[in-house]
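Quick notes on the structure that follows.
Just so you know, ligand 1 is whichever comes first in the structure, and atom 1 is the first atom listed for that ligand. Because the structure is predicted, anything quoted here is derived from the model rather than measured. The chain is numbered in sequence order, starting from 1.
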Amino acid sequence: VRDVRSAPDAELLRRHFNSITAENVMKATTIGVSEGVYNYGPADELVAFARANGMQVRGHALVWHQTAPAWFFAGDPAAADYRATVQRRLERYVTDVVTHFRGQVYAWDVVNEPASDGSTTWREDSPWYRALGPDYVDIAFRAARAADPDTKLFINDYNTEFAGKRGRLMSIVDAALSRGVPIDGVGHQLHLQLTTPTAAQVEQALADTAARGLMSHVTELDISIYDDPGSCSASRTGCATGYPSYAEIPASVLQTQATRYGELFRVFRRAQNLTSVSLWGLSDLNSWLETFPVRRVQAPLLFDEQRRPKPAFTAVAQSIA
Ligand code: 9MR
């Protein structure tokens with residue numbers, strides 16, 4: 001969620017959800033002001049809301065290339081102690097943040113999006129990878145485990161439902177596990193398009209995770225009302241044309257979306273080791289997809305722009321009844 005201070009959003013949360021995730025305020029761009037200086041205010045507010053309403057909190061995300069403040073990497077990369085300095089800052093950050101929320105966060109996305117979309121295994125343009133190489137994952141997970149032995153530690157990525165991306169992520173996971181790195185589970189973001197990928201592909205991703213003895217969490221589920229070619233997210237070209245207004249989204253599109261939500265939740269119900277499902281947003285009033293990859297009308301969630309249940313909500317409710 002973006003903001004628990006909105007009364008109608010709070011009402012919707014209380015009524016339908018038992019776990020909440022901060023869309024942004026637990027990221028290092030909010031919390032990590034500078035070395036040893038933290039802004040916990042907004043996250044503490046969210047945790048207090050959850051506690052007051054008997055809900056649990058899922059932590060997102062300690063280490064992510066898109067939310068990595070420059071102070072972590074300050075200094076001369078050629079200096080003899082540069083690597084040790086960045087490692088120390090990372091360890092301190094993870095230790096302090098996980099300690100702050102100890103006992104209040106049941107799972108953390110410790111590392112977000114480490115795998116490449118291309119031919120390499122790792123996302124090599126991440127500042128974390130550039131400074132520390134693959135070791136950054138080990139360092140972050142070990143620090144998190146030491147700070148809170150009870151919270152579950154996740155590696156989270158998108159497109160895990162596609163065999164190629166999943167293969168790259170799992171090779172990172174398998175290698176880390178063989179070194180004894182304390183990874184408890186894989187987070188599957190599941191930002192889906194209107195008709196792809198299929199529920200069967202999602203089921204395979206969950207099965208591959210369970211086969212490793214790992215837990216799965218669905219961490220950021222939403223279903224776009226468009227089908228775009230790969231060029232749309234890669235270079236903002238070829239994106240489907242947006243509908244002129246929310247009211248003009250065809251009913252058939254919302255029905256297709258509903259059917260897919262229903263199929264997915266049936267998969268979730270029967271999956272092994274899947275213990276948490278989060279949607280990436282609350283209602284169609286606020287979604288990151290309104291501006292990504294391009295600005296256009298979107299309706300990716302279970303509640304509409306007036307927070308009323310959509311056909312997708314009914315489909316989910318029926319499939320988990
Ligand atoms: O939805 C989030 C958006 O409001 C933020 O501006 C953005 C950058 O922090 O992150 C978005 O959430 C991302 C999530 O943290 C990780 N997976 C992809 C999500 C969509 O970009």
Q | Residues in the immediate environment of ligand 1 (any heavy atom closer than 4.0 angstrom) | A | Glu23, Asn24, Lys27, His60, Trp64, Thr67, Asn112, Glu113, Gln189, His191, Glu220, Trp280, Trp288
Q. Parallel, tilted or perpendicular: which describes the rings of Phe303 and Phe313, with under 30° parallel and over 60° perpendicular?
A. tilted
Q) Parallel, tilted or perpendicular for Tyr40 and Tyr38, by the 30°/60° rule? A) parallel
Q) Do Arg88 and Glu91 pass the salt bridge (charged side-chain N to carboxylate O under 4.0 Å, His left out) test, and can you show the C-alpha distance, the side-chain angles, and the key distance before you say yes or no? A) CA-CA 5 Å; Arg88 177 179 47 72; Glu91 282 170 340; over 6 Å; no
Q) With Ser235, which residues qualify under side-chain hydrogen bond (donor to acceptor under 3.5 Å, both in side chains), at least two apart? A) Thr237
Q. Rest of the hydrophobic cluster containing Leu285 (Ile/Leu/Val/Met/Phe/Trp/Tyr, side-chain heavy atoms under 4.5 Å)?
A. none
(Q) Which residues end up grouped with Tyr246 if you chain together Ile, Leu, Val, Met, Phe, Trp and Tyr wherever their side-chain heavy atoms are less than 4.5 Å apart? (A) Leu194, Ile225, Tyr226, Tyr243, Ile249, Val253, Leu254, Val297
